[in-house]
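First up is the structure itself, then whatever we jot down about it.
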Amino acid sequence: MNKPVVVSEETLTEPVVVGDVTPAAASSAAGPAYIVLAGISFSHFLNDTMQSLIASVYPILKDTYALDFAQIGMITLAFQFTASLLQPVVGHYTDKKAQPYSLSIGMASTFFGLLLLSAAHQYLVILVAAALVGLGSAVFHPESARIARLASGGRYGFAQSVFQLGGSFGTSMGPVLAALIVVPFGQGSIAWFSSIAFLAIVVLWRIGRWYAPQITTKKAAPAHTQPGGPSSRRVAVALLVLVALLFSKQLYVSSLSSYYIFYLIDRFGVSTQTAQIYLFIFLAANAVGAFFGGPLGDRFGRKIVIWISILGALPFTLALPYAGLFASAVLSVIIGLIISSTTSSIIVFAQELVPHRFGMISGVFFGVAFGIGGLGAAVLGKLADHTSIEFVYQVCAYLPAIGLLAVFLPKLQQPGR
């Protein structure tokens with residue numbers, strides 16, 4: 001794809017060192033490796049398409065096996081928990097020794113998880129299948145985020161947004177594919193989506209071949225605090241704030257992703273297929289917002305983007321529980337556009353706070369996002385069983401107010417500015 005560039009794992013935040021290349025090649029290496037970014041974003045699209053399929057078939061599983069909302073939440077928890085628990089572990093390990101072909105191997109777990117889900121006829125087997133798909137996600141995210149940064153050419157927010165764009169659009173495709181394929185043809189048709197996993201394995205193997213020559217095994221350099229940078233205590237506080245901000249964003253998105261279909265069916269009496277289309281509209285708006293968040297952070301600063309994207313959604317989340325069907329669709333688009341733009345800025349902000357632990361930090365934040373979504377879905381499901389879906393959305397409407405904590409984030413110097 002591109003001429004190999006040799007970098008050390010501990011200096012991924014430094015300019016890439018190029019040796020023995022022509023001036024033209026050096027000029028090309030200075031900018032983003034667009035083919036690699038496109039490949040890793042497309043892989044993210046395929047990965048998250050398969051993941052979102054699980055939530056999209058909840059109505060089918062609920063009706064077929066007479067599940068309550070708490071059991072639906074446990075499926076999400078089983079799926080998200082493996083990803084949440086293992087992502088920081090994977091990131092910590094790959095900080096020490098990068099594994100370029102682990103992405104395609106991890107995708108095999110998703111492949112088998114989908115096959116198992118298509119044939120599952122017991123609740124426990126459904127949980128195991130969901131956990132296998134989560135395992136594939138745990139392996140995928142930390143190392144693929146590292147590849148996106150390596151291919152960024154210094155435009156870290158842009159690269160993270162391109163990477164997130166693929167995942168967000170993949171998430172939005174799950175409900176559409178479920179409406180077009182799984183609802184008409186039943187649970188067994190989930191096996192057809194294993195072909196997507198196979199395609200992802202092929203693409204990721206090719207990206208691994210690009211990635212492998214770029215790695216040199218050097219001893220990790222000790223971390224040094226940059227002059228004028230935040231102290232270790234301030235870094236720790238900032239990381240906790242970023243986790244809290246991700247909590248508010250991800251739990252709200254999880255509430256819509258897991259239960260929006262049931263909310264629309266219960267309140268407005270729409271069909272399952274119609275509700276899935278409305279969910280697709282919300283998730284597609286999330287994808288668009290996720291793309292613009294990174295470049296805006298590169299241009300104006302990540303802190304201000306975090307402020308606007310979380311607090312800016314609050315008026316619209318407060319209005320959603322009281323809106324009609326059409327107004328709900330409009331509000332969901334606005335909420336998706338605003339609130340999703342924060343993800344890239346939060347992740348890149350955290351990476352810049354602790355650049356010498358890039359893989360682990362990426363794994364922690366991707367893992368926290370998944371873990372919060374899974375745990376939150378289980379808690380919200382239990383709450384919905386004891387109250388109502390409408391009450392859940394009235395409570396979740398206040399989550400973006402946690403964005404006020406962004407006042408405690410330090411101001412970081414933007415790379416190259």
Side-chain angles (χ1 to χ4, degrees), residues 40-57 74-94 99 101-117 126-148 160 163-174 177 190 193-194 196-201 203-205 207-208 246 250 253-254 257-258 283 286-287 290 343 347 359-378:
I40 203 67
S41 181
F42 179 63
S43 301
H44 202 186
F45 167 80
L46 297 176
N47 181 77
D48 285 20
T49 295
M50 293 177 287
Q51 291 182 44
S52 67
L53 191 67
I54 294 179
S56 299
V57 299
M74 286 302 298
I75 297 174
T76 302
L77 180 60
F79 160 61
Q80 307 283 25
F81 184 72
T82 50
S84 175
L85 181 66
L86 293 180
Q87 280 195 47
V89 177
V90 172
H92 177 70
Y93 179 75
T94 55
Q99 302 292 325
Y101 297 106
S102 63
L103 297 176
S104 54
I105 295 173
M107 191 59 65
S109 176
T110 301
F111 177 84
F112 290 113
L114 290 174
L115 290 177
L116 185 61
L117 183 62
I126 294 174
L127 293 178
V128 172
L132 283 174
V133 177
L135 177 62
S137 176
V139 177
F140 175 80
H141 283 96
E143 198 72 340
S144 57
R146 188 195 304 274
I147 291 174
Q160 187 62 225
F163 176 64
Q164 293 292 335
L165 179 66
S168 298
F169 267 118
T171 300
S172 70
M173 285 303 298
L177 294 176
I190 296 174
F193 294 92
S194 62
I196 298 178
F198 182 78
L199 174 60
I201 290 172
V203 174
L204 290 171
W205 186 267
I207 290 175
L246 196 60
Q250 192 63 28
V253 172
S254 177
S257 300
S258 296
L283 295 174
N286 261 272
T343 305
I347 292 173
M360 186 184 71
I361 288 295
S362 299
V364 166
F365 275 82
F366 279 116
V368 164
F370 282 112
I372 288 173
L375 182 60

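Start at 1 with the first residue, then count along the sequence.
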_Euclidean distance, Q250 CD relative to T343 OG1, rounded to 0.5 Å_ = 7.0 Å
_Nearest non-hydrogen partners of S144 and I40, listed with the distance_ = CB-CD1, 3.6 Å
*Report yes if some heavy atom in the side chain of Q164 is under 4.5 Å from a heavy atom in the side chain of I347; otherwise report no.*
yes
*Find the distance between CD (Q51) and CG (L46) and round it off to the nearest 0.5 Å.*
11.5 Å
*Identify the two heavy atoms, one from L127 and one from I75, that lie closest to each other, and give their separation to 0.1 Å.*
CD2-CA, 3.7 Å
_Using 0.5 Å steps for rounding, measure from the CG atom of N286 to the CG atom of L165._
11.5 Å
_Under a 3.5 Å distance rule, please check whether S104 uses its side chain to pair with a backbone N or O of I201 as donor and acceptor._
no
*Roughly how far apart are I126 CD1 and M74 CE, rounded to 0.5 Å?*
13.0 Å
*Nearest atoms (heavy-atom pairs only) where V133 meets T110*: O-OG1, 3.7 Å
*Verify, without hydrogens or angle tests, whether T82 (side chain) and A131 (backbone) share a donor-acceptor contact under 3.5 angstrom.*
yes
*Under 3.5 Å, is there a donor-acceptor pair between the side chain of S109 and the main chain of L132?*
yes
*How close do R146 and G91 get, heavy atom to heavy atom, and via which atoms?*
NH2-O, 4.0 Å
*asked:* Please give me the minimum heavy-atom distance between L114 and I190, naming the atom from each residue.
replied: O-CG2, 3.8 Å
*Do H141 and D48 have side chains that get closer than 4.5 Å, going by heavy atoms?*
yes
_Closest heavy-atom pair and its distance - A129, L117_ = CB-N, 3.6 Å
*asked:* Return the CZ to CG distance between F42 and L199, rounded to the nearest 0.5 Å.
replied: 5.0 Å
*In this structure, are over 12 heavy atoms from other groups packed under 6.0 Å from Y101 atom OH?*
yes
_Let me confirm one number: the CD-CG distance from Q87 to L135, rounded to the nearest 0.5 Å._
10.5 Å
*When the ring planes of H44 and F140 are compared, do they come out parallel, tilted or perpendicular, using 30° and 60° as the limits?*
tilted
*Does the S41 side chain pair with the main chain of G166, one donor and one acceptor, at a distance under 3.5 Å?*
yes
